[in-house]
Each structure stands twice: as structure tokens, then as C-alpha cells.
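The following block contains the structure, expressed as C-alpha cells.
As the structure is a computational prediction, the values presented were derived from the model and not from experiment.
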Amino acid sequence: MGTNENKRRGHPVAGKSAQPATDRDDGEGPSSTGTSASERAKFERLAEGWWDLRGPMRPLHMMNPVRIGFFRDEMVKRLGGGVDSAAALSGLAVLDVGCGGGLLAEPLARLGARMTGVDLEAALIDVANRHAAASGLEIDYRVATTDQLIEEDLRFDAVIASEVIEHVADPQAFVSSLAHLVRPGGLVLLSTPARTVRSFGQVIVAAEYILKWLPRGTHDWRRFLTPAETTGLLRRAGLIPLDIAGINYDLGKSCFYRTPDVRVNYMVSSIRPLA
Amino acid sequence: MSAPISAPETADDVAETDVLIVGAGLTGLTLACALGNSKIRAILVERRAFSEILEPKADGRVTAVARSTQTMLDRLNVWRSMAPDAQRIDDIVVGETSWPSNVHYDHRDVGGEPLGWIVPNAMMRAALVARLRACPSIQVRESAAVTELGVDGGKAYVHLSNGKTIRSSVIAVCEGKSSATRELAGIGVTHWDYKQDGIVCTFVHERPHLNRAFERFYSDGPIATLPMTDDDDGRHRTSIVWALDRGRAKAIAALDDDQFEVEVMDRVGLHLGRMHLASRRWHYPLSLVWSKAYAAPRLMLVGDCARGIHPLAGQGWNVGARDVAAAAEVILDRMSLGLDPGDEMAIERYERWRRFDSLALVGITDGLNRLFNNDILPVKLARNLGLAAVQRTKPLKQLFVRHAMGLAGDLPDLMRS
């Protein structure tokens, strides 16, 4: 399983960036390559900047309100939550797959969710643990694959994989594992860039090359999924797609916003049927 | 901000909160009500005692409440307590008596709703404090001044003159033009002395004001009549706001009340009939104070401490109210997403949002005052032609009226009706 944040942040140190996406420790199965000392050092260096709003993760910090807003709204709408807006997710057990340094897990925990976060990069889980402790939040972070969680027979009210599926080698197997981890009646929530001409322009050309928000080669556009492909994956995993919304960037206000236009980046909610 | 000093000895001396509001003027009180309405945890710190703030005779000023501001006060459940003392304005007439061209802003041009209201500050304050006391998430610390502040470990902190410390995700400074906390935060200001004094007082008069406000320009400064509700004896009332060159203001201050009445009537004209002074005369020096930044790490400047403008346009508090609504929206948005309400994303969004409004306003009122404070004939002609053009061009006038009503620009949610 990939770390969305890890991939977005990219690999400025020569070496790994040259690897094709399929060779990255994405998707199913544990990292077979292990993590060398130099890799660890690199991640630790980058990990320092994980929560720095002016650091390399800035785009994801900027996008955070939109994706949290969608995930929160879907969970409140479909699963019920606290009446109080400051504890909207109280009582819900939520899994964040590819949690990175915890940019998504922490706010959801603050809204009352009992969070579990998994990632393959031990250095990032380390960052996540340290930051959660400093924030006074209890989050169950683990270096684990989805398969390991399935073996433990864990079930969640909602399973989230945000900006992850575009990095995994076998998206269908990945989505099926998410479906396994959600209880009947629970939600699987995804966000990912779309494979369209527009997203090629905005995610690859603008974000990676012109604005230099993301290191070049962070994304392989050919691996992006169209909304129809994603909903197809969900259906084949036995899930029922419920809603879809787009994310776009407003150059004038310098912020991301939710839109019905799903041509650049989109978020999907789906439910595991009760029977 | 200054470097953190040693931590206080006991936990009893340290309070934790999400939002710290410094200053319990109209701006700070309104922000506290806005946060309290959304059940956000906040502490309001005021250096004076509340009994002093609530003394009705302490402040003779009135506030022009624009439509958008009224919408917000209504949302916060405070408008209904102010409404009995709020005088609606249906028309605003701007011009010079010695020249024929006036601009007449008429509420019928914009759908028949009032252009705004005039409310005595004392009544606003009382209504806000009453509402505040019904908000369980808001705590008040009175008679306590901020002596030091800083950022440390993902929180802002302040030390108070009573020896206590408050740690908060974000600090909203609402202290007015001469904010000491703004200075502690190391934010400089641009200061411009208009070399004018503002005279504020209340008159009772023979004829009804017909819900009409007048603003007249004279070469030594503008005078405005702002309609008020009738007093307890049923007498018609008007608030006078008169800006005068400092020398003239001194001379006027030396006059006895009878002579003062004559001077005022001379400027106001005859439409209100006989006028009598019904309050003391307050004098305030007029200055433009423009903060060099609207924010610092984990700190937002809200209201007059961000920019204290000329009272001429009657917009000062409405822009402050927009700061309040924007600050409340940014804080609420962040917190309802489980995000930090005082991190750089929050502060940046607030600063970017407020900068535009402030720039436009300082420019307009400052320019207007200088333009009208000038007896050179071409300038006089030009401004009269300008006013005449505004009067004849309906879309332009509607835009100006919408601006005066506080409805132009990027409105915060609290102000949308």
C-alpha cells in the first residue's frame, strides 16, 4: 500500500525517483525491498517537513479542508455522528490507508473518530506518532499492509484511501481489500486524480512542472483512473458507489474547492451492503 | 512576538482555550458572541472592569449599522435587544449646502429595505454582554491586561497582569486603534494625523428627521446628522458627528452650549427645526491608523486595530464587523474540519481576505475627506460634477449604496441574508 503523502512529496534524492511506479512498494503486499539505512535517513529528513505548512507537503495541506469536508460529510450523512459539529465523528472507527505523517488522521481524530492509520514507511509512522503525541491525540498508527489487518480480522465503520490508489500496482485487489476491512453498512471513501486531458494539464504539467509543487515524476498519469473506472472497481469489490465530487483549484483565491466537475481530482463514497 | 519565558509554576495559573479574544469593545464582544454561538471555546480578556464598560454615560457615540452587519447581529441573537434603540435610515443626502448638486441615496433604489440603522454604542454593548453571558463556551477575564505574548509548542500564549497565563490556538486582537497587544506582537502601524477633532453629541429637535441622514461638507470639515429613535419623552433625536480642523475644534470647544447650538444649526440647516443640545459634547482626535499587517503567527488583528479610519463614511465599525465575521468563519471552518484554527493556513486565509476590504476602504474615506476639505475652485467644481454624475447614473449609485449597506465584496457567511 502506498503512502499518498510519501508519493506526493516525492523523492528529491536521486535514485528512487527513477524507479517506475510499479516497482514502488505500493498496493498489496508488504514492501519486499525493505528500507535501507540511506532510505531511512532520507525519509527522516523529509519527515521533518511533513507538518510544515510551507514545506514540501504544502499542496496536501491546502487540499486537506476539501477532502476532510467530503469525508466528514459522507460519514455524518450515512453513518450518523455527533450532533456537535466539533465532534461530528464521535463513536466511529475509521481506518486511513496510506496515512503518511497523519495529515488526514489527526483532524478526523479531533472530530471524534477512533482512528487507525497504516503506512508502509516506518519513518512516516514515526513522524505520525510523534506529532499525534504532541497534539494530545490517541491514534493507532501501524506499519502494516491491508492484508495484515485482514488477517487480524479487523472491521471499521469507514475505510479511507486518499490519494493512494493511483500509486498501487493492482487497483482492483487494493479496493477489494478495503471492502474486506469495512463492516457491512460501512463506507469506503477514496480520493484520486482523474485520467483526463484536464488533469494531465493541471496535475502533471502545472503542479509538477510549472508551479513545481510536486517533484517531477511524482505521478504517472497513465495510472490515473477515470471516475467510471473507479466506480467499476468499487462495484466489482461488492461495494455500491453513493456519491462523487470533484476538487479543483481557484487560482484567484489560491485555494482548493469542492466542485461537481470531476475532471481533475475527485472523491468517491461507497457503501458495503448489509447483506 | 517575543521569546517564551519560563513556564508558570502551577497548572492553576495556566488556562487552555481554542480562541483568545483581547479587548471587550464592540468588536471583541461581537466576536465572542459569534464564537459562542457556534459553541467554540474562547476566553475574552479585557483590561477594564465590565462595570466600567457598561456605564452608559461613558460613551456617547452612535454606530452606523449597515445591512450586512445587522444580518450578522440578528444571526447572533443580539439584534432583537438592540432593535428598540435602532433607528432605520431610509435616505442619505450627501453634498454641500452652498452648491446645488447633492447625492441622494434612497432606499427605494435598492428594493425598499433600510440603508442601515443608527444605534447608540451603549445599547449595543449592553445587548452583546447580555448575550455573551448566555454562551457557556465563553469565559471572561476582566481587569486583566496582556503583558507578554508569544508562540510556543504549537500554541500562542499570553501572560496577564494578574499573573495568569492563557494558552490558545489563536489570538484575536480587538483592542482598537491604539492596541498595546498589537505592539507586543511587533506589528507596526502607519499613523496619519488628520489634524482634525471629531465632536460627537446628541440633539433633540422640533421636526421629525424622516429617517434621513445628512452629510454636509464644509471647507473646515464635514458634519453629519444621524437620525436616532425618539427619546423617552418622545422628543425627536439626532446624533451629530462633526469633524473640524483642530484649531477650529478648540474654538468650538470653548463655546458655551447656546453658542454651540447656533454653530451646529448654522451647518445643519433648517430642516430639523429648532435644535437643542441633549448630551455632553465628546471630542475625539481623528487619525488614520493603518496596521502594516493584519496578522502574525497565531494572531489576527480584528477591527480598528487593523485599520482605524476616518469616521466620515460611517463605515468604521461595519468593516470591523466584517473582520469579525471573517475571523469567526475561518476559525469555525477549521475547527469543524478538526484542523488547527490558528495555523498558517488559517492565518493566511484571514489576512488575504481582509487586506482587500481594508485597502479599498482606507482609500475611499481618506480620499473623500481630502477632496472635500479643499476650497480650491477647480476641486470644488470637479467634486460637484462628480456628485452630480453619481446622482444621475443609477447603476453607479446603486453600487455606492450597496457598498454603504455593506453588501459589496466577498461577504462572510454570517453576513449573507
Problem set entry | ring-ring contact (aromatic ring centres under 6.0 Å, His included) pairs, two or more places apart, involving residues 90-142 of chain A | W51(A)-H131(A)
Exercise. Any ion pair linking E348(B) and R54(A) (charged N to carboxylate O, less than 4.0 Å)?
Worked result: yes
Exercise. For L111(A) and S336(B), which heavy atoms make the closest approach, and how far apart are they?
Worked result: CD2-O, 3.5 Å
Exercise. Distance from M345(B) atom CE to R58(A) atom CZ, nearest 0.5 Å?
Worked result: 4.5 Å
For this session: Using a cut-off of 6.0 Å, state whether more than 12 heavy atoms not belonging to R352(B) lie near its atom CZ.
Result: yes
Problem set entry | Contacts of type ring pair (Phe, Tyr, Trp, His ring centres under 6.0 Å), residue H61(A), not counting sequence neighbours | none
Problem set entry | From L339(B) atom CG to N64(A) atom CG, the distance as rounded to the nearest 0.5 Å | 5.5 Å
Problem set entry | Shortest non-hydrogen contact between L337(B) and I68(A), atoms and distance | O-CG2, 3.4 Å
Seminar exercise, completed: In this structure, CD1 of I347(B) is separated from CG of L53(A) (nearest 0.5 Å) by 11.0 Å
Seminar exercise, completed: Cut-off 4.5 Å, heavy atoms of chain A, and the answer for R349(B) is neither
